[in-house]
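What you are looking at is a predicted structure, and each value in this text was computed from that prediction instead of being measured.
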Amino acid sequence: MIVELTRVRVAPEHTEAFLAARPGMLADFRADRTGFVGARLVRLGGGEWLDIVDWRSAEDRAASRQKGANRPGIRAFFEAIDEVVSAEDGEAV
């Protein structure tokens, strides 16, 4: 399993939209992303969040990255993010 770790910054005035968009983003991932296993969102403080997404394989993760924000729920979630602080993938062991 591949674990995608993306740390983002969301301005206080965008937090409501960010959280409201999350269910739609997850629904679109389930419908459109082969190998999507699940996701968790962690509030870190200071307007930062850690999005933890599990993928069946590195190939599935790469295919998802190529699609980008191709569906409305995904697009709305991404648009509420002010800054990507860091992003990396790792293998669950």
Side-chain angles (χ1 to χ4, degrees):
M1 181 179 311
I2 297 300
V3 180
E4 173 190 358
L5 303 165
T6 306
R7 189 175 184 136
V8 299
R9 186 168 290 120
V10 178
E13 62 270 19
H14 299 149
T15 300
E16 187 175 328
F18 177 70
L19 293 173
R22 183 67 170 185
M25 187 277 284
L26 293 173
D28 281 351
F29 264 43
R30 284 186 199 98
D32 187 57
R33 301 299 208 258
T34 300
F36 172 71
V37 175
R40 294 163 312 285
L41 188 60
V42 180
R43 184 189 313 251
L44 300 172
E48 290 192 4
W49 300 78
L50 181 62
D51 194 6
I52 304 167
V53 183
D54 297 323
W55 298 95
R56 185 180 56 208
S57 69
E59 294 78 18
D60 292 332
R61 168 65 184 115
S64 175
R65 187 176 289 137
Q66 290 297 313
K67 288 185 175 188
N70 67 326
R71 295 182 63 119
I74 299 167
R75 189 169 32 259
F77 184 75
F78 287 177
E79 287 174 352
I81 295 170
D82 292 288
E83 177 186 358
V84 174
V85 176
S86 65
E88 58 187 313
D89 297 343
E91 183 178 357
V93 294

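Between Arg75 and Ala69, the shortest heavy-atom contact is NH1-O, 2.9 Å. Of all heavy-atom pairs between Ala39 and Asp51, the closest is CB-OD1, 4.4 Å. Between Ala17 and Ala80 the shortest heavy-atom distance is C-CB, 4.1 Å. Closest approach of Ile52 to Val42, counting heavy atoms only: CD1-CG2, 4.0 Å. Among all heavy-atom pairs drawn from Asp60 and Thr34, the shortest one is CB-O, 3.3 Å.
Put simply, CD1 on Ile74 and CZ on Phe77 are 10.5 Å apart, with the number rounded to the nearest 0.5 Å. Atom CD in Glu88 sits 10.5 Å away from atom CZ in Arg7 (nearest 0.5 Å). If you take CG on Asp89 and OG1 on Thr6, they are separated by 7.5 Å, rounding to the nearest 0.5 Å. Distance check: Leu50 CG to Leu41 CG gives 8.0 Å after rounding to the nearest 0.5 Å.
Residues Val37 and Leu5 do not share a hydrophobic cluster, defined by chaining ILVMFWY side chains whose heavy atoms lie under 4.5 Å apart. Cluster annotation: Phe78 is connected to Trp49 through the hydrophobic network of ILVMFWY side chains, with a link wherever side-chain heavy atoms come within less than 4.5 Å.
Side-chain contact between Trp55 and Ser64 is present, with heavy atoms from C-beta onward closer than 4.5 Å. Val53 has its side chain out of reach of Arg33: every pair of non-hydrogen atoms, C-beta onward, lies at least 4.5 Å apart. At a threshold of 4.5 Å between non-hydrogen side-chain atoms, the residues Arg43 and Val10 do not count as touching.
The environment of Glu16 atom CD is sparse: at most 12 non-hydrogen atoms of other residues, nucleotides or ligands sit within 6.0 angstrom. Heavy-atom neighbours of Glu91 CD from other residues, nucleotides or ligands within 6.0 Å: at or below the threshold of 12.
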**Request:** Apply side-chain contact (heavy atoms from CB on, under 4.5 Å) to Ile2 and Glu59, showing your working.
**Result:** CA-CA 9 Å; Ile2 297 300; Glu59 294 78 18; over 6 Å; no

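For Asp82 (side chain) and Ala11 (main-chain N/O), a donor-acceptor pair under 3.5 Å exists by modelled atom type.
Looking at Lys67 and Asp28, no side-chain N of the basic residue comes within less than 4.0 Å of a carboxylate O on the acidic one, giving no salt bridge.
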